[in-house]
Amino acid sequence: MPDKLILRDWQQIRGWLEPRLQGVRLISLDIFDTVLGRYVGDPEEVQRAVCRAVSQRTGIDAETVWQARQHVEQALRAEAIQAGFDHECRYSSLLARWVAALEKEEEHHYALKHFILQTELDLEAATLYVKHDAQIFMAWVKEQNLPIIAMSDMYLDGELLCELLRRKGIVDYFSFVYVSADFKLGKYSGRLFEKMLQVNGLEGKDVVHIGDNPVSDRRMACRVGIQGIWLYEKAELRRRERQTLSAQMAQRGGIWVGRHFFECVATRMQQQDNLQPRSFFFRYGREVLGPAFSVFMQGLQERLQQQAAAEQPIEKLLFVARDGFLFERLYRTTAGQIPSEYVYLSRRVITAAATAEGLSWEQTIVAFYNPKQHGLESVCKVYGLPQETLQPLAQQHGFEDFAAPIHQWDDVRLHNFLNDQRVQTIIRREGQKHRALLQRYLEQVGFFAHQRVALVDIGWNGTVQKFLKQAFGQRADFPVLHGYYFAFVPKLYADFGENNVCEGIVHDSRRGNACERIPAEFEEIFEQGARSFEATTIAYREANGRVVPVLKADSAPDRQAELACNPLVAQMQQGIMHHWEHFNAVQQLTGYSSQQLLPYVHGLLERAVVYPTSEETRELTQLVHTEDFGHDHVLALANQSVGWGDLLHPRQLLRRLELSAWRYALFDRIPTGMANFAFRMAYLHTVKK
């Protein structure tokens, strides 16, 4: 009997084989987990994905479809044993009986069989990748003019396995494919090896077989006289074991579902990403923002499907400039059938239009939420009001310095100023101009031409949606408006009006789940990752009979800072798009919903926001943040780190934390991470109360 060899990589196999080439006439290779690896560990997951697809096509419950497949497969395997063969079945036979069990009308059998077959092949191909070292070995064997055959215990017919090998680009390496399904004989019994020797007229000593299974690929090959080699790739074996464990734990729900899913995504990216090394910002987009934005987009698609199922379909998607830019790019890569458009809306132009009937005190104080607000000057910038006209009237009401911050929002001077009809006349005149242009722009993009419209944006307060309703809600053709936001934290507004629905998909503060609030702890990084590279929309103008947006000038101080950051943002978005590609492929295989993945994503974001690495703190604080609410301010993400001495001045420290865009980065100089943990616990306790 040949030696029971254990070799640990393809290089060792080549080293063992090279001096023995003269005595070898044929190389036999196992396929799955030897030449081809899987992004998703268990082939059953592919089969269940096929059943979900069949369920969607036929309307039959997915579990019923699965049980029908299992029943047919078990019957075919039992028949093979009764006929004296091994416990094998052939996919073509399984498919015919399976379809007959699902579809009673014979005239529909062909179409359903074709659909199932193509779906199974597509999903199998999507979960498989060629191991790089295995392909190098096969190329070397071909250079030695040695034929290679495939030997696989597999339910797919040989011609279907050849099709998979063709799709993976390696079919030409093989002179023949031996599949247990074709012969109803398995490697695990040794009978498939015996059949191969018989067909080729060879003796066992002429053949070397290589595979990852110590029993069927080594012991049984050796038993029939073939030199079997157990390819024991320890790291690969451990990866598959972890993947299998994650899949088993995922059945229990919770965070394990996301762990299993994103392990599969990481494996897929690792095998296909040939562009290493990557920049920090690409990696941050791929590994942190990518999962968060991908789950958001999946949640968006699920809600659109739910609306359609409820016979209340969204008729048009409007991705709101600027922070809806990336989401619109991601949506274009899907098979979404809903018409979509990137629209130049901003808080600045929406709020300006909302003053057509005057400016209320509630609207005015919105400008004061900015910690760098300059009183009435900020109000004019936020609402697009003429400062030079209103300033003399403000002086009459006691505002000597028009740009002085207003910290007492109930200031009598402010109420008197707003109650002045001369002031309101100026405001209404300007607001009506803004509203007329905005209304024409909305008509151009079809906003009023549909019964149900959805806005897609990064979110937070839903200002655009709120003021759209306020400015145009009186129109009879104002649509039922859905706002789908990455995060929704309605601090400024409570009532959005009738037929005006808002939802935060990754975070919605109304759900009362403190653990999902993490995006609100560092809003700026999510806005940076999603934003466009163009300037914010500050107004509209007429051009050639159309209304076009007016963007903030590149010479503005905040725009200059933004332009300097654009290359870094572009790298982050490349990483996000890269993740999205692999996310979609794995989601099709696993069928997990966004709700199942969110607990893991929240944990991933908490790690990144609350416990950043030194590299993350150093690199991300290069960015600066701007906003489109009328100001030219730049919010630096970098702040001087907190030291041990600062802990002796808790009030000053608390004030610094309140004003910081990224509070947890302040503790970068405290190496233990305990300060981050303590501050996070204090915050969660406050939220819970």
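No side-chain N or O of Glu619 forms a donor-acceptor pair with one of Tyr284 less than 3.5 Å apart.
Classification of the His579-Phe583 ring pair by plane angle, with boundaries at 30° and 60°, yields tilted. In this structure, Tyr592 and His260 have perpendicular ring planes: the angle between them is above 60°, well past the 30° mark. Classified by interplanar angle (parallel below 30°, tilted 30° to 60°, perpendicular above 60°), the ring pair Tyr331/Phe319 is tilted.
Between Phe677 and Tyr611, the distance separating the two ring centers is not shorter than 6.0 angstrom. Checked against the 6.0 Å centroid criterion, the rings of Phe533 and Phe325 qualify as a close aromatic pair. Here Tyr39 and His582 keep their ring centres 6.0 angstrom or further from each other.
Counting heavy atoms of neighbouring residues, nucleotides and ligands inside a 6.0 Å radius, atom CZ of Arg259 does not exceed 12 of them. Counting non-hydrogen atoms of other residues, nucleotides and ligands closer than 6.0 Å to CZ of Arg238 gives a total above 12.
For the pair Arg166 and Glu163, the salt-bridge criterion is met [side-chain N within less than 4.0 Å of a carboxylate O].
Arg510 contributes no side-chain N or O that, together with a main-chain N or O of Phe488, makes up a donor-acceptor pair within less than 3.5 Å.
Considering CE of Met269 and CD of Gln271, their distance stands at 11.5 Å, rounded to 0.5 Å. Of the inter-residue distances, the one linking Phe281 atom CZ with Met572 atom CE reads 6.5 Å to the nearest 0.5 angstrom.
Nearest heavy atoms, Gln465 versus His482: NE2-C, 4.1 Å.
A cation-pi arrangement, defined by a distance under 6.0 Å to the six-membered ring centre and an angle within 45 degrees of its axis, is absent between Arg303 and Tyr484.
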